[in-house]
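Before any comments, here is the structure.
Each residue takes its place number in the sequence, starting with 1. In listed order, ligands and their atoms are each counted from 1.
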Amino acid sequence: MTTGEAWQEVGDRVFVRRHASLDLNCGLVVGDDACLVIDTRLHLGEAADLIGAVRRITPHPWTVVNTHAHWDHCFGNAAFRPAEIWGHVTAAADLAASGGLQRAAAVQLARDTGRDDVADRIQSAPIDPPDRLVKEHVELTVGDRMIDLRFVGRGHTGGDLVVEIDCGSEGSVLFAGDLVEEGNPPGFDDSYPFDWAATLGRVHGLARGPVVPGHGAVVDVDFVSNQRAELLAVEQLIRQTLADSPDSAVFTGPLPDQSPYDEQTTRVAVQRGWLQACG
Ligand SMILES: [Zn+2]
């Protein structure tokens with residue numbers, strides 16, 4: 001079952017819905033005659049469930065934003081049309097280019113873990129990239145509210161957006177997508193390890209209240225600071241492997257043992273770092 005998850009109000013009319021499915025967070029910002037939905041889940045069935053949950057909060061028409069181009073955050077997009085869907089220009093291009101490959105991998109993962117119904121749903125999800133594009137910064141009007149969509153550097157992917165919602169005297173709420181990850185190590189598969197810590201430094205600079213990660217529990221600025229320190233450690237570790245193997249084009253190990261993350265996560269991070277350094 002994917003129904004039944006409750007919204008948590010983390011700021012003035014700013015809601016987070018944390019799903020059992022992939023521990024994914026989606027957001028809802030309610031204005032006086034419009035609303036904004038942040039990320040759309042991983043297939044049309046989950047998107048329909050999210051739409052039902054939105055409608056329990058507000059009857060207003062929605063605009064949508066995708067934090068980044070990964071399937072679990074945007075394969076539900078088509079269910080929200082004909083609304084505008086915002087995303088970073090690189091995310092839109094990446095989704096158009098890699099959506100089919102992402103879908104095949106996600107379907108395989110679902111089948112391998114015995115979830116054929118989920119696999120079938122993902123298989124039939126349309127690839128529907130954002131059509132309203134952000135390069136650096138867009139100020140979005142949602143009813144009576146102004147919402148900032150910002151690109152603050154590469155990190156988890158090449159096109160992660162941070163959604164900043166001003167809550168007046170309460171500060172703000174930041175939706176950070178998978179730039180911030182709670183409960184699991186960050187995902188490095190499409191990452192830019194030499195940029196990510198600096199990008200999180202900018203996220204840290206923006207934070208004036210709750211920070212909503214792409215997955216897991218809502219966190220705060222100190223969590224962002226800690227994750228930034230971990231990413232700096234990973235960056236150092238990658239530099240060490242590059243210094244230790246100056247003549248090689250592809251990292252083959254062994255890994256230094258001081259990583260803050262598990263071996264598989266660290267290996268992917270190092271491989272991505274080598275691609276970034278050598279590419
Ligand atoms: Zn992601």
Tell me whether the Zn ion (ligand 1) has Asp178 as a neighbour, meaning an N, O or S atom of it below 2.8 Å.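 Within the cut-off used here (under 2.8 Å), Asp178 does place an N, O or S atom near the Zn ion (ligand 1).
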Examine all N, O or S atoms of His70, backbone included, and report whether one is under 2.8 Å from the Zn ion (ligand 1).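 For His70, the answer is yes, given that an N, O or S atom comes within less than 2.8 Å of the Zn ion (ligand 1).
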Given Asp72 and Arg41, is the side chain to side chain contact (heavy atoms under 4.5 Å, CB included) satisfied, shown in steps? CA-CA 5 Å; Asp72 47 333; Arg41 308 190 69 188; over 6 Å; no
Quick one: does Thr40's side chain have a donor or acceptor within less than 3.5 Å of a partner on Asn77's backbone?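 Side chain of Thr40 to backbone of Asn77: a pair is present.
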Restricting to N, O or S, what is the name of the atom of His156 that lies nearest the Zn ion (ligand 1)?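 Going through the N, O and S atoms of His156 one by one, NE2 ends up nearest to the Zn ion (ligand 1).
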Using the ring centroid of each side chain, check whether His43 and Phe75 are separated by less than 6.0 Å.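 No; Phe75 has its ring centre 6.0 Å or more from that of His43.
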Can you tell me how the ring of His73 sits relative to the ring of His68, calling it parallel under 30°, perpendicular over 60° and tilted otherwise?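 Ring orientation of His73 relative to His68: tilted.
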